[in-house]
Amino acid sequence: PLPGFASCSPGSSTTATGATSHPQARPASQPGPQASMAASALAQSLEADPSPFALRPPAGSSLLQDICLEVELAHIAAQNPSTRKKDEHAMRLFTMFCLTMNTPPWRTLSWQGDELATRRETVLLSYYLIWLTTMIKPRDKSRPAPLPQSCYNLVLAVRRAHAIRSFPMVPTRQIGLTLRALTSRYARVHGPESLLPNRKEPFEPRRIAEFRRLPRGTRLGSRVLDWNTPFFTMIYALFTVAGSTGFRKAEVCVPSGDAFTNMHLSRNHLWWRIRGLDTQFPSVAQLRSLQQGDFALIRPPPSKTDPFGTTFGNQFIYLPFVPLSVDPVNAAAALRDMELVFQIPHNLRRTVPLFVSDPASFLPLTHSMVDTVLQHFFHLVLPTGCASRYSFHSFRIGLACAMLAAGESSEVIQAHCRWRTDQSIRIYARPNADQFARRISMACTQRASSVVVANRLNDVPLDADANVALAARLANLVFNAAAI
C-alpha cells in the first residue's frame, strides 16, 4: 500500500507526550462512498488523457486508482471538518439529482471552449437549484419552505467539492439569475420578512451572574446545581471565559465522538501572571494568593478562521483577576477556582483538556454536554419560550454587543473576538436601543450646511444669455414707447 493518508490506521490518536486520547467515531482518513467515487472519477479522467504527459502505470495495475484515492484523502484531510460535512451532504443530494438526469455526478470533463458543454452544465446546475427548493426541508421548522439562499449554498458546496479536485464548474452568473428569480417568488408568496435570517440573541457577560444566583439544589435535567462541586466549578469557569473572550464552542469543547488532540484547547494553554511574573505551572499557594493586578493568560487554540493557530495563537488573551465576591463574572477568578479543584501534574497539562467533565478521568467536555447544561440554565433565567433563541454562540455575540455599547471601535472588537474580516462585526456587533436614540437625538439638533456643486453651478450665469435677454426687454420697451 502507498504510504500516506490512506494507510492511516483508524482508532485512537496519540498526543505528543505519548498519552492515548479517546477514540474517534470515524477517522477522517477512512474513505467514504463519496471519496471513493471522486477518486474513481479522477482516475478515469486521467486514464483517458491522450497527451504525451499522461500517467501510464503498468497495465493491470491499480496504482493510478490508489494514487487518486491518496490525493482525494489528502484533500479531505485539508478541509475544515464542518465544511467537509456540508460538501459531502451536498454531493449526496447532487448524486441523487444526477441519477434522475442519467448523468455522472462528478463533472470531470472540461466545458471550457465548448459552447454546448457550457450550456449543458449551466442548465444542469440551474435546474439542480430549482430541484433543491422542492426536495429539501428547511432546517428551521417555522419556515414554510427552504430559503432559496440555503439551496444555493448547496450548489456552491458542489462547486467547492469539484474545485478542490481540479474539476472547475461553469461560472455562477446564470445560476445567480435563477437564484434571484426564486428569491423574488419566495418573497412574493411568503413576504419579504420570511427571508430574514434567524440569528441567536446576545447574552452579554454581566448576565452570567444570573446563573450564579440560582439557588443550590436547583434541578438542571439529571444534575442538581451546587457551585461547590467540581463539575459546576468547571462549568462556571467555561461560561465566564466564553463571556470574556468570545471563544466559539468548537474552541473550548470537543465534538461528541471526536478525539481530544493537540489541536484542542488544553491546560497547557493557560498561564498566569502573578506579581508581574509569568508562570505556566503555578503552585497552590500562588493560586490562593492571587490579587488584583494579577492575570490569567490564555493562548487561543486553532479555530475555523485560524486552522493552525498561527494568526491569533501567538498573542495571549489577558484576563484580569478580581475576586468573585467583587466581580461575580470574573473569568480569571473562576479559572483559579477550577485550577484548585482540577489540579493537573505539570507533565500532563498538554494532554488534558482545559475544560474537563470529570476530575478523575479528565474526559473533555463535549458539545452535546455543554448544549444540554446551558439550555437548562437559559430556561431558568430567561422568560418563558425564549431559551431557544440563545445558544453558546450568544456569549460571543453578547461580548461584541457589549464592547460596541462601551464605545470600542470596530477594529478593537474584531481583534478581541478574533475575526478575520469585518463582515462578522456588521452581523453580530449590534447597536443597542439607547445608542440609536442618542444618535437620533443628536441628529435632530444639527444643521446641514453642505451643498451640491452642480446645483450651485446652475445659479451662476456662464454666458451672456441673461444680458441679451435684458437688452431685448429694454429694446422692446423703447419700441413700445416710440409707438405711443
Side-chain angles (χ1 to χ4, degrees), residues 1-16 20-21 23-99 101-114 117-118 120-121 124-125 128 155-170 257-259 261-263 307-308:
L2 289 170
F5 293 94
S7 60
C8 294
S9 60
S12 303
S13 59
T14 304
T15 62
T20 301
S21 67
Q24 286 181 306
R26 175 176 175 264
S29 60
Q30 182 179 344
Q34 288 294 339
S36 300
M37 190 184 303
S40 296
L42 178 59
Q44 291 173 10
S45 65
L46 293 178
E47 287 171 354
D49 183 4
S51 75
F53 300 100
L55 305 180
R56 303 293 183 198
S61 169
S62 64
L63 180 60
L64 187 58
Q65 177 73 29
D66 293 341
I67 290 174
C68 291
L69 180 59
E70 194 70 40
V71 171
E72 169 66 16
L73 293 176
H75 291 163
I76 292 175
Q79 276 190 296
N80 178 282
S82 176
T83 303
R84 182 173 67 244
K85 290 179 182 178
K86 293 176 183 177
D87 290 0
E88 290 174 351
H89 174 61
M91 282 304 304
R92 283 194 295 270
L93 291 172
F94 191 60
T95 300
M96 292 171 54
F97 169 73
C98 288
L99 284 175
M101 298 289 107
N102 196 26
T103 189
W106 288 102
R107 319 303 290 176
T108 58
L109 294 180
S110 175
W111 51 269
Q112 296 175 342
D114 186 334
T118 300
R120 180 194 66 225
E121 297 303 306
L124 181 72
L125 288 182
Y128 175 53
V155 177
L156 295 181
V158 170
R159 290 174 51 82
R160 185 169 57 236
H162 279 73
I164 66 172
R165 295 167 177 88
S166 299
F167 300 148
M169 304 188 84
V170 291
D258 279 11
T261 69
N262 288 334
M263 301 299 285
F308 304 111

Looking at every heavy atom in both [X] and [Y], which two are closest together, and how far apart are they?
{"X": "Ala35", "Y": "Ile76", "result": "CB-CD1, 3.6 Å"}
{"X": "Ser61", "Y": "Leu63", "result": "OG-N, 3.0 Å"}
{"X": "Asp87", "Y": "Ala157", "result": "OD1-CB, 3.5 Å"}
{"X": "Val158", "Y": "Ala90", "result": "CG2-O, 3.8 Å"}
{"X": "Pro104", "Y": "Cys98", "result": "O-SG, 3.9 Å"}
{"X": "Arg165", "Y": "Ala38", "result": "NE-CB, 3.5 Å"}

By side chain to side chain contact (heavy atoms under 4.5 Å, CB included), which residues pair with [X], not counting sequence neighbours?
{"X": "Ala54", "answer": "Asp49, Ser51, Arg56"}
{"X": "Ser110", "answer": "Gln112"}
{"X": "Ser166", "answer": "none"}
{"X": "Glu121", "answer": "Arg107, Trp111, Leu124, Val170"}

Rounded distance (nearest 0.5 Å) linking atom [atom1] of [X] with atom [atom2] of [Y]:
{"X": "Leu42", "Y": "Glu72", "atom1": "CG", "atom2": "CD", "value": "8.0 Å"}
{"X": "Glu70", "Y": "Gln65", "atom1": "CD", "atom2": "CD", "value": "12.0 Å"}
{"X": "Ser62", "Y": "Ile67", "atom1": "OG", "atom2": "CD1", "value": "9.5 Å"}
{"X": "Glu88", "Y": "Thr83", "atom1": "CD", "atom2": "OG1", "value": "11.0 Å"}
{"X": "Glu47", "Y": "Leu64", "atom1": "CD", "atom2": "CG", "value": "5.5 Å"}
{"X": "Ser45", "Y": "Trp106", "atom1": "OG", "atom2": "CH2", "value": "11.5 Å"}

Please determine whether side-chain contact (heavy atoms from CB on, under 4.5 Å) holds for the pair Thr108 and Gln44, giving the CA-CA distance in whole Å, both sets of side-chain angles, and the decisive distance to 0.1 Å.
CA-CA 9 Å; Thr108 58; Gln44 291 173 10; over 6 Å; no
Given Pro105, which partner from the list His162, Met37, Met96 fulfils the side chain to side chain contact (heavy atoms under 4.5 Å, CB included) test?
Met37
According to the ring pair (Phe, Tyr, Trp, His ring centres under 6.0 Å) rule, which pairs have a member within residues 37-96, sequence neighbours left out?
Phe94-Tyr128
Does Arg159 have any salt bridge (charged side-chain N to carboxylate O under 4.0 Å, His left out) partners at least two apart in sequence or in another chain, and if so, which?
none
